[in-house]
Enquirer: 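Here you go, one structure.
Sequence lines set the chain letters: A, B, ... in the order given, protein chains first and strands last, and positions in each chain run from 1.
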Number of protein chains: 2
Amino acid sequence: MANLHSAIELFPTPDHDHHSCAASILEAAERICAERRVRLTEKRRQVLEIIAKSHTAAGAYEILEKMAGPKGRPAPVIVYRALDFLMAQGFVHRLASLNAFIACANPQSDHGSQFLICRDCRAVMEFSNPTLGKAIHEGAQAASFSVDATMVEVSGLCAACARAQHE
Amino acid sequence: MANLHSAIELFPTPDHDHHSCAASILEAAERICAERRVRLTEKRRQVLEIIAKSHTAAGAYEILEKMAGPKGRPAPVIVYRALDFLMAQGFVHRLASLNAFIACANPQSDHGSQFLICRDCRAVMEFSNPTLGKAIHEGAQAASFSVDATMVEVSGLCAACARAQHE
DNA sequence: GCAACAATTGTTATTGTATAACATTTTATG
DNA sequence: CATAAAATGTTATACAATAACAATTGTTGC
Ligand SMILES: [Zn+2]
Ligand SMILES: [Zn+2]
Ligand SMILES: [Zn+2]
Ligand SMILES: [Zn+2]
């Protein structure tokens, strides 16, 4: 996961070679599932593969389309169940502002969701800013509020799209 | 809006007297609408009133139920149009993590959305932590990302519900 | 007042997102 | 292999949001 000091190189550019990202996500998932004695079944793997294939968030029905075989696409509940599993294991995050899903950049560590979302190319970057996490926790504490989960979604324009607009 | 140094008194407790909160929200809305020469029509006022009546977020269809008269409830689009207006004027915020709506605690100032949401009593507190806002902006800048809108939704347990669980 | 126009509301239909309930199949365990 | 648990299949439904167009209400200048 990007710690925003080296983030400039890490925001997914439209042209970057993505094969290694996707492969390493699948690899990590298999390893972690083995460790935890949970099963990365065919459906679950298929959904994760589809999500990991892109740095843009995928909607549930978009995933369904990509799962479609000769007999047409599976029922919605199929993808939602796979997503529930993948989110429980921390392999996938849900972006509430988009009703869409993105592969986790760092599935090992338990972490709050913090995302930059480009409104133009729809690329998503997950980041983890300690200052931000600390500010949230302190704020909550001041209200005697005990935190379960935090959601930070920042929408705007990525550097590449900002440049493109100036041309 | 709470600036989390005095937040302990401000998280809405289940038993607090709410009439003044709701009344002042409606009052402020009327004043601001007059200033801006926009119309707080009957439907809009009704929707705002329903939302302001509670410190828990209201779903669109929940609002529809409460709008129901002898002829049944109005069409969904009625409430969504009112919500669009109320959000544009800054009287209401949408909570993406709940697909629900809450009255703004400080409709004067333009501000990013930051909320504490109790998973138990479902009460919502809007807050504005400058450190948090700054951290988000700095993080985005480090990624050369220009921010349009930020969304911070923190779910957990409020103080009252935490106490209740310990009994 | 009233014509002309803009804003708001009404009506019907549709798309998108997500879950409930229950049957069947697959996998792990003794 | 019998049993139980986990995962998948099937059908139906609930909830969230928008599209397209008609009717009504409010505003403005004459
Ligand atoms: Zn992550
Ligand atoms: Zn972009
Ligand atoms: Zn607000
Ligand atoms: Zn509570």
Side-chain angles (χ1 to χ4, degrees), chain A residues 29-30 33-51 56-89 91-102 122 151 153, chain B residues 29-30 33-51 56-89 91-102 122 151 153:
Chain A
E30 300 216 319
C33 283
E35 273 169 29
R36 294 181 186 162
R37 270 110 174 119
V38 294
R39 294 170 50 211
L40 188 64
T41 61
E42 194 44 43
K43 299 282 172 204
R44 291 166 177 176
R45 199 197 145 83
Q46 196 184 353
V47 170
L48 180 56
E49 209 162 3
I50 289 167
I51 293 173
T56 66
Y61 284 70
E62 195 182 329
I63 296 169
L64 273 177
E65 296 296 342
K66 292 184 181 167
M67 290 175 82
K71 305 168 207 160
R73 72 183 199 189
V77 70
I78 300 297
V79 81
Y80 282 107
R81 285 202 280 230
L83 287 168
D84 283 346
F85 171 84
L86 295 169
M87 287 191 289
Q89 297 301 322
F91 302 152
V92 163
H93 296 293
R94 180 170 187 277
L95 297 178
S97 62
L98 300 177
N99 293 332
F101 304 85
I102 191 88
R122 301 184 52 230
M151 190 212 84
E153 296 182 18
Chain B
E30 299 217 320
C33 282
E35 274 170 28
R36 295 180 187 163
R37 270 112 175 118
V38 294
R39 294 169 51 212
L40 188 63
T41 62
E42 192 45 42
K43 298 283 170 201
R44 291 165 177 177
R45 199 196 146 82
Q46 196 184 353
V47 170
L48 180 57
E49 211 161 2
I50 289 167
I51 293 173
T56 66
Y61 283 67
E62 195 182 329
I63 296 169
L64 273 177
E65 295 297 343
K66 292 184 179 165
M67 290 175 82
K71 304 168 209 160
R73 72 184 198 189
V77 71
I78 301 298
V79 81
Y80 282 107
R81 285 202 281 231
L83 287 168
D84 283 346
F85 171 85
L86 295 170
M87 287 191 289
Q89 298 300 323
F91 302 152
V92 164
H93 296 292
R94 181 171 186 276
L95 298 178
S97 62
L98 300 177
N99 292 333
F101 304 85
I102 192 86
R122 300 183 54 227
M151 215 175 289
E153 298 180 19

Enquirer: Please give, in whole Å, the distance from dT18(D) C1' to Arg94(B) CZ?
Expert: 13 Å

Enquirer: For the pair made of OH in Tyr61(B) and C1' in dA18(C), what is the distance, rounded to whole Å?
Expert: 13 Å

Enquirer: What are the two closest non-hydrogen atoms of Phe85(A) and Arg39(A), and how far apart are they?
Expert: CZ-O, 3.5 Å

Enquirer: For DNA chain D, whose closest nucleotide is more 5', that of Tyr80(B) or that of Arg39(B)?
Expert: Tyr80(B)

Enquirer: Which whole-number value in Å describes the distance from Ile78(B) CD1 to dC21(D) C1'?
Expert: 14 Å

Enquirer: Closest heavy-atom contact between Ser97(A) and Met151(B)?
Expert: CB-CE, 3.7 Å

Enquirer: Give the minimum heavy-atom separation between Lys43(B) and Ala82(B), together with the two atoms involved.
Expert: O-CB, 4.4 Å

Enquirer: Using a heavy-atom cut-off of 4.0 Å across all strands, would you classify Arg37(B) as base, sugar-phosphate, or nothing?
Expert: nothing

Enquirer: Return all side-chain donor-acceptor pairs below 3.5 angstrom for residues 56-65 of chain A, not counting sequence neighbours, or 'none' if the list is empty.
Expert:
unit_1, atom_1, unit_2, atom_2, d
Thr56(A), OG1, Ser54(A), OG, 2.7
Glu62(A), OE1, Gly59(A), N, 3.1
Glu65(A), OE2, Arg73(A), NH1, 2.7

Enquirer: Between the axis at one end of the helix from dG1(C)-dC30(D) to dG30(C)-dC1(D) and the axis at the other (five pairs apiece), what's the angle to 10 degrees?
Expert: 30°

Enquirer: Are any of Thr41(B)'s side-chain N or O atoms less than 4.0 Å away from OP1 or OP2 of dA7(C)?
Expert: no

Enquirer: Take Gly59(A) and Ala82(B), find for each the nucleotide of DNA chain C with the closest heavy atom, and name the residue whose nucleotide sits nearer the 5' end.
Expert: Ala82(B)

Enquirer: Pick the nucleotide of DNA chain D nearest each of Pro76(B) and Arg44(A); which residue has the one closer to the 5' end?
Expert: Arg44(A)

Enquirer: Does any part of the side chain of Arg44(A), heavy atoms only, come nearer than 4.5 Å to the side chain of Phe91(A), both counted from C-beta?
Expert: no

Enquirer: Do Gln46(B) and Lys66(B) have side-chain heavy atoms sitting under 4.5 Å apart?
Expert: no

Enquirer: Find the distance Met67(B):CE to dG10(C):C1' and express it as a whole number of Å.
Expert: 12 Å

Enquirer: According to a strict under-4.0 Å criterion, is Arg81(B) in side-chain N/O contact with OP1 or OP2 of dG10(C)?
Expert: no

Enquirer: Calculate the interatomic distance between Leu64(B) atom CG and dG10(C) atom P; express it in whole Å.
Expert: 12 Å

Enquirer: Are any of the side-chain heavy atoms of Ile51(B) and Leu83(B) separated by less than 4.5 Å?
Expert: yes

Enquirer: Measure from CD on Glu62(B) to C1' on dA17(D) and round the result to the nearest Å.
Expert: 17 Å

Enquirer: I need the CG-P distance between Leu83(B) and dA17(D), as an integer number of Å.
Expert: 9 Å

Enquirer: Expressed as a whole number of angstroms, how long is the span from Glu65(B):CD to dA14(D):P?
Expert: 12 Å

Enquirer: Give the nucleotide from the list dA18(C), dA17(D), dT8(D) with an atom nearest to the side chain of Asn99(B).
Expert: dA17(D)

